[in-house]
Novice: 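If you scroll down you'll find the structure; I have some questions about it.
Only heavy atoms go into these numbers, but all of them, side chains included; no hydrogens, no water, no symmetry mates. Numbers restart at 1 for each chain; the letters A, B, ... are given by sequence-line order, proteins then strands.
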Amino acid sequence: MSSWTIATWNVNSIRTRLEHVLSWLQEHSPEVLCLQETKATEEQFPLQPFQDRGWHVAQSGQKSYNGVALISREPLDEVRAGFPGDPDPSKARVLSGTWRGTRLITVYVPNGSEVDSPSYDYKLSWLAAMQSWLEQEGDPAQPLAILGDFNIAPDDRDVYDPERFRGRILCTDAEREALKRLTGWGLHDLFRRYQKAGGHYSWWDYRAGRFRRNLGLRIDLILASEALTARATDCRIDPAPRRLERPSDHTPVLATFSG
DNA sequence: ATGGTTGCCTTGCAA
């Protein structure tokens, strides 16, 4: 196939966002769409509407919170939920699968709540554990991507008001250093290969008209290994679903590749 | 202005 697309979207409940996701799939026809915050047990996930339209679904879910899924045209190989060393394997935050030799890992990184809270400490230890897993079992020389809601704005260009967010959750030095360790392992933040300017966001708080005023953060990322990055042709954010009625607070990020 | 909105099926918690 000459051109193919992978994408990531934190949908904030797959049951509430079902129609948005189905129409987005029809419009963009990605090879794989990674979802986060499905907020459904595996029994609650609306499988049939996807299957009726020819999509395959791999999922890892739990009641009320978290939940990740991989929607694909072809069934994925070696699908695996979670990772060894996860500090809390009961939380459905990671799902991986292989599409035509490319390893795809979707992640819903813990939010962290507030700096110096137990949730924040958990976020940092979770990121360290994920890094250890990748270093032990992954290979950045192979085609591989990590896609998802990282709950980290990589730098000040990714924040609508860097001074307001300085030292606050999603923007602390410790979070950004954890992300740099991850990319330092051999991954590229694909969006930044194609767009150097700030002001491009993937998440806007529901409150205070933040989307209308484009007061957002770029926290949904596609990190690709060198082997995969070499085949990339574009990476962009699609703001359209954020304008729909009852939207997710996040919008999809897509990457396209050749070959 | 430490506000505000959404989704879970809680009557608060997480984001």
Novice: Measuring only the C1' atom in each nucleotide, how far is dA14(B) from dG4(B)? A whole number of Å is fine.
Specialist: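 Here dA14(B) and dG4(B) have their C1' atoms 16 Å from each other.
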
Novice: Rounded to whole Å, how long is the line connecting atom CG of Asp116(A) with atom P of dT2(B)?
Specialist: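 After rounding, the reported distance stands at 21 Å.
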
Novice: Are Trp126(A) and Phe83(A) an aromatic pair by the rule of ring centers under 6.0 Å?
Specialist: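 Ring centroids of Trp126(A) and Phe83(A) are less than 6.0 Å from each other.
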
Novice: Can you see whether Trp55(A) has Arg73(A) sitting over its ring - NZ or CZ less than 6.0 Å from the centre and within 45° of the normal?
Specialist: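 Judged by the rule, Arg73(A) and Trp55(A) form a cation-pi pair.
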
Novice: Once rounded to the nearest 0.5 Å, what's the spacing between atom NZ of Lys123(A) and atom CD1 of Ile169(A)?
Specialist: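 Rounded to the nearest 0.5 Å, the NZ-CD1 separation comes to 4.5 Å.
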
Novice: What's the spacing between Glu163(A) CD and Asp156(A) CG if we round to 0.5 Å?
Specialist: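 With rounding to 0.5 Å, CD (Glu163(A)) is 7.0 Å from CG (Asp156(A)).
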
Novice: Please report the distance, rounded to the nearest Å, between CG in Asn151(A) and P in dA15(B).
Specialist: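 The distance from CG of Asn151(A) to P of dA15(B) comes to 8 Å, rounded to the nearest Å.
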
Novice: Could you tell me whether Glu74(A) and Arg100(A) make a salt bridge, using a distance below 4.0 angstrom between a side-chain N and a carboxylate O?
Specialist: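 The answer is yes: the pair qualifies as a salt bridge.
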
Novice: In the 5'-to-3' direction, what one-character label does each nucleotide of nucleotides 4-12 of chain B receive under the scheme B = base within less than 4.0 Å of a protein heavy atom, S = sugar-phosphate only, - = no such atom?
Specialist: BBSSSS---

Novice: Measure from the ring center of Phe165(A) to the ring center of Tyr160(A) and say whether it is less than 6.0 Å.
Specialist: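 Yes, the ring centres sit under 6.0 Å apart.
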
Novice: Classify the nucleic acid contact of Tyr108(A) as base, sugar-phosphate or nothing, counting any heavy atom under 4.0 Å across all strands shown.
Specialist: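 Sugar-phosphate: the residue Tyr108(A), judged by heavy atoms under 4.0 Å, touches backbone atoms but no base.
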
Novice: For Glu114(A) and dC13(B), what is the distance between atoms CD and P respectively, to the nearest whole Å?
Specialist: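 Glu114(A) atom CD is separated from dC13(B) atom P by 13 Å.
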
Novice: Please state how far atom CG in Leu215(A) lies from atom P in dG3(B), giving the value in whole angstrom units.
Specialist: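 In whole Å, dG3(B) P lies 19 Å from Leu215(A) CG.
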
Novice: Find the distance Asp149(A):CG to dA15(B):P and express it as a whole number of Å.
Specialist: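 Going from CG in Asp149(A) over to P in dA15(B) covers 10 Å.
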
Novice: Answer yes if the ring centres of His20(A) and Trp24(A) are under 6.0 angstrom apart, and no otherwise.
Specialist: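 Aromatic pair excluded; centres sit 6.0 Å or further apart.
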
Novice: Taking the C1' atom in each of dG3(B) and dA15(B), what is the distance between them to the nearest angstrom?
Specialist: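 Per the computed distance, 16 Å lies between those C1' atoms.
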
Novice: What is the separation between atom NZ on Lys91(A) and atom P on dC13(B), rounded to the nearest whole Å?
Specialist: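 From Lys91(A) NZ to dC13(B) P: 15 Å.
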
Novice: When the distance from CZ of Phe165(A) to C1' of dT2(B) is rounded to whole Å, what number comes out?
Specialist: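 One finds 12 Å between C1' of dT2(B) and CZ of Phe165(A), rounded.
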
Novice: Measure NZ/Lys123(A) against C1'/dA14(B) and give the value in whole Å, please.
Specialist: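 These atoms are roughly 13 Å apart.
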
